[in-house]
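Since the structure comes first, as structure tokens, the remarks are kept for the end.
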Amino acid sequence: MARDIERWIRRGPVCLVVAAIALTSCTPKEPAAPAVGPGTNARLPLGQRGPGEAGRDVSQREVELEVQLSVALGSVQAAQAKLDGLRNELAASEEKRVAREREWLEYSSLLGKVSPERLPGGEPFKVELRESAPVQGDSAAARLPVDPPVDPLIEARSRAIARAIATLFTLEQVRGMDLLECGTLDGNSIGPVVFRLLDGQGRLCGGLYANHLRMEASRAARTLTLVLEDGYESRAGQKLPFEATAPEEKRPNARRLVLGPVDPTTWADDFHELFGERGLDLSGDDGLWDLALVKQRLNEQLKLQTAGGTYRLRELGGVQDSALIGVHLERADESGTLERRFFADRMRLTRSGTGVELVLENGAQVRGDDERVPFLDGRYRILLPLADSEAWTRAGLPGLSLPPALGIDRQPGG
């Protein structure tokens, strides 16, 4: 028993408590009288000593254990107090760091409004200060470019959008990014925007700056994409511009940040301006088409396209303005193995020469288990050059023929 208690003492403060309880709960048994003389009693084992001396040894050991336990508990309390102090210091340091970042952004914003020719560092600036004579009603501040006043309604709406985006990041548990500045709403975008990037320990590791921020979304694919345009990423003091687009596309450099799976309809009202002129279209089926019949006839035509693989319409949410909405399309290779899936809010059927083209809008393609790749610029085209466009028209499909509910049949070429 004594050896066990000593082992508990060496293991730590918690085991000291267990050892003390074990000692106080056990009572030594009355040993038989020793067969040797009284002079040898001190050299006998504890179990063979007299009852009085054994009790005194146990009591002394209990006192020693209580002292050690008190010292250990004191050490634990001191360590806990020190840990609480360090946590408070860390929280205060984080607040100061965020405050310094905001001060730097304000300073940079004010500096950006100063005309370059009036910045110090060159001879022209010194000559101007030395030779220019004061003019009545003229001052350096008056000659600086002044930004046009912002409409109070637009300013209030910009602040509301900034709060909504910050709430989106919190509720959707977006890690590694914080919105610092959101700018002013301008048409279908807002900016300039500034994000700070954090590593896995919550420490600053970079930043994102963009002149414009807009949104792309897909209800069918359950994705929400933040499109940052005309900006750069800052890492270790280096500016890394966003990926450039082809000159013929005439689009600014952009960086896309995909959030998913996210239901974009939840945020459709919070920043609907950022989704485009029509916002996030939430309209449903117009009731002019038999959806089951449209799905069956479309799959019959898709089965005939076997060059390099086949497509199959898995789900159809409705038809609205001659466009299929809520589409889930699958592509299989020649052996029938599923290659990828397409989710789109809208899909339009159009003629392309003698063939047919499927134009998917606002969606994403999914590879493997859940590797979502949103459509670039919100659109994806599938060209079927061997399709018989006349046969697709005779099949009575939306976009290639009129709804049967109207009682009008479109003639070939009509």
Side-chain angles (χ1 to χ4, degrees), residues 216-225 256-265 281 284-286 288-401 403-404:
E216 293 178 355
S218 172
R219 290 179 295 162
R222 296 183 62 84
T223 58
L224 181 62
T225 304
R256 283 175 164 77
L257 305 176
V258 183
L259 309 182
V262 175
D263 184 8
T265 57
D281 188 7
D285 180 53
D286 54 20
L288 299 179
W289 297 83
D290 185 343
L291 300 184
L293 187 59
V294 169
K295 181 179 178 181
Q296 175 186 350
R297 291 178 176 177
L298 179 57
N299 281 327
E300 289 175 353
Q301 297 299 322
L302 290 174
K303 284 182 181 179
L304 303 178
Q305 314 306 314
T306 58
T310 58
Y311 291 90
R312 175 174 176 265
L313 181 63
R314 184 69 178 270
E315 293 181 6
L316 175 61
V319 178
Q320 198 261 338
D321 292 338
S322 299
L324 283 66
I325 61 176
V327 172
H328 176 189
L329 192 67
E330 295 179 341
R331 173 180 168 82
D333 58 17
E334 296 179 350
S335 64
T337 303
L338 182 63
E339 284 186 338
R340 64 187 65 181
R341 295 170 291 164
F342 300 90
F343 297 89
D345 289 349
R346 287 181 296 275
M347 183 175 75
R348 301 184 183 275
L349 309 179
T350 60
R351 294 192 180 194
S352 178
T354 59
V356 175
E357 184 178 20
L358 312 180
V359 182
L360 285 72
E361 301 175 354
N362 294 345
Q365 55 175 314
V366 180
R367 304 168 183 171
D369 294 335
D370 197 19
E371 181 186 353
R372 298 172 183 261
V373 181
F375 300 156
L376 184 61
D377 251 2
R379 184 168 295 186
Y380 189 91
R381 300 177 182 274
I382 300 176
L383 183 61
L384 305 176
L386 301 181
D388 186 354
S389 58
E390 296 298 334
W392 282 60
T393 301
R394 291 192 299 269
L397 296 174
L400 301 176
S401 61

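Nothing fancy with the numbering, it's 1 onward along the sequence.
Counting only heavy atoms from C-beta outward, the side chains of Ile325 and Asp345 never approach each other to under 4.5 Å. With contacts defined as side-chain heavy-atom distances shorter than 4.5 Å, the pair Leu304/Asp388 does not qualify. Side-chain contact check for Val262 versus Thr223: every heavy-atom pair is 4.5 Å or farther apart. Looking at Leu360 and Ile382, their side chains come closer than 4.5 Å, going by heavy atoms from C-beta outward. Inter-residue side-chain proximity for Asn362 and Arg346 is flagged as met; some heavy-atom pair is nearer than 4.5 Å. Residues Arg341 and Arg314 have side chains not in contact (no heavy-atom distance under 4.5 Å, counting atoms from C-beta outward). Residues Leu298 and Leu316 fail the side-chain proximity criterion, which asks for heavy atoms closer than 4.5 Å. The closest side-chain heavy-atom distance from Leu302 to Arg312 is not below 4.5 Å.
Here the straight-line distance linking atom CH2 of Trp289 with atom OG of Ser401 works out to 4.0 Å at 0.5 Å rounding. In this structure, Gln301 CD and Leu384 CG are separated by 10.5 Å, a value rounded to the nearest 0.5 Å. One distance of note links OG1 of Thr350 with CG of Leu400; it measures 7.5 Å at 0.5 Å rounding. Atoms CZ and CZ, from Arg297 and Arg394 in turn, are 12.5 Å apart once rounded to the nearest 0.5 Å. Atoms CG and NZ, on Asp290 and Lys295 in that order, are 12.5 Å from each other to the nearest 0.5 Å. Gln320 CD to Leu288 CG: the interatomic distance, rounded to the nearest 0.5 Å, is 10.0 Å.
Across all their heavy atoms, Glu361 and Ala344 have their closest contact at O-CB, 3.6 Å. Contact record, Arg348 with Asp321: NH1-O, 3.6 Å, taken as the closest heavy-atom pair. When all heavy atoms of Ser218 and Gly363 are compared, the pair lying nearest together is OG-CA, 3.3 Å. In this structure, Thr354 and Pro385 approach most closely via the heavy-atom pair OG1-O, 4.3 Å. Listed here is the closest heavy atom pair of Glu216 and Phe375: OE1-O, 3.9 Å. The minimum heavy-atom distance between Ala387 and Trp392, with the atom names listed, is CB-NE1, 3.7 Å.
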**OP:** May I have the step-by-step check of side chain to side chain contact (heavy atoms under 4.5 Å, CB included) for Thr225 and Leu257, ending in yes or no?
**Re:** CA-CA 6 Å; Thr225 304; Leu257 305 176; 5.9 Å; no
Subject >> Intermediate values then yes/no, side chain to side chain contact (heavy atoms under 4.5 Å, CB included), Arg379 and Val359 >> reply: CA-CA 7 Å; Arg379 184 168 295 186; Val359 182; 3.8 Å; yes
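Counting only distance, with no hydrogens or angles, the side chain of Arg372 and the backbone of Ala221 share a donor-acceptor pair below 3.5 Å. With hydrogens and angles disregarded, no donor-acceptor distance shorter than 3.5 Å links the side chain of Arg222 to the backbone of Pro261.
Looking at residues two or more places apart in sequence or on another chain, you find a side chain to side chain contact (heavy atoms under 4.5 Å, CB included) between Glu315 and His328.
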